[in-house]
Amino acid sequence: MNPNSNSSNFFSKVYSVTNLIPAGRVTSYGAIARFIGSPQAARMVGWALNSTKKLPYWVPAHRVVNRNGLLTGKKHFIGNNTMQELLLSEGIEVEDGKIINFQKVFWDPMLELDDVIL
DNA sequence: CGTCTGACGCACG
DNA sequence: GCGTGCGCCAGAC
């Protein structure tokens, strides 16, 4: 874990937090960005997750959506519906590329990892 | 080294 | 409540 030596600390934090997202829960790019200390770098979170495709280990990038619970990054997965399928398989209700009970399944690292220092 | 782009988020109208 | 514009940070050209 934490193979950050290669990448910037920013990326490694994104990977670490994303890996801590429990199955059946999701979080947002902005939430991660805030947690790692760059609240205005939400776009970079997505950028970092995009590069997880080439990482030697698995990162549950499908558990990260935008603040509206919209699966904005689904087109970056192998198939057009891969992201939604993965979420559905974890018990997350998704309809037309959007998480239904987003507020219910939302996992905020600021609250769950408030005692964790990356 | 300058410029464009992008899995976002927020302010405005 | 919805569409548009702008700023953010890092990487690719």
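We name chains A, B, ... by the order of the sequence lines, and we start the count at 1 in each one.
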> Taking only residues two or more places apart in sequence or in another chain, which ones pass side-chain hydrogen bond (donor to acceptor under 3.5 Å, both in side chains) with A:Asn50?
Replying inline: A:Lys53
> What pairs with A:Asn81 under side-chain contact (heavy atoms from CB on, under 4.5 Å), at least two apart in sequence or on another chain?
Replying inline: A:Gln84, A:Glu85
> Quick one: salt bridge (charged side-chain N to carboxylate O under 4.0 Å, His left out) partners of A:Glu112, sequence neighbours excluded?
Replying inline: none
> Among residues 75-109 of chain A, which contact DNA chain B at a heavy-atom distance under 4.0 Å?
Replying inline: A:His76, A:Phe77
> With sequence neighbours excluded, what pairs up with A:Phe77 under the ring pair (Phe, Tyr, Trp, His ring centres under 6.0 Å) test?
Replying inline: none
> Taking only residues two or more places apart in sequence, or in another chain, which ones meet A:Glu93 in a side-chain hydrogen bond (donor to acceptor under 3.5 Å, both in side chains)?
Replying inline: none
> Could you give all pairs that pass the salt bridge (charged side-chain N to carboxylate O under 4.0 Å, His left out) test and reach residues 57-69 of chain A, with sequence neighbours left out?
Replying inline: A:Arg63-A:Glu90
>> Taking ring pair (Phe, Tyr, Trp, His ring centres under 6.0 Å) as the cut-off, I'd like each qualifying pair that reaches into residues 83-104 of chain A, sequence neighbours left out, listed once.
In response: A:Phe102-A:Phe106
Could you list the donor-acceptor pairs under 3.5 angstrom formed by side chains in residues 23-40 of chain A, with sequence neighbours left out?
unit_1  : atom_1 : unit_2   : atom_2 : d
A:Thr27 : OG1    : A:Trp107 : O      : 2.8
A:Ser28 : OG     : A:Ala31  : N      : 3.1
A:Tyr29 : OH     : A:Val64  : O      : 3.3

Could you go over nucleotides 9-13 of chain B and give all protein N or O partners under 3.5 Å, atom names and distances?
unit_1 : atom_1 : unit_2  : atom_2 : d
B:dG9  : OP1    : A:Gly30 : N      : 2.9
B:dG9  : OP2    : A:Arg67 : N      : 2.8

>> Run through DNA chain C and report every stem of 3 or more consecutive Watson-Crick or G-U pairs, distances under 3.5 Å, ordered by first number.
In response: B:2-6 with C:9-13, B:8-13 with C:2-7
> Can you name the side-chain hydrogen bond (donor to acceptor under 3.5 Å, both in side chains) partners of A:Ser51, sequence neighbours left out?
Replying inline: A:Tyr15
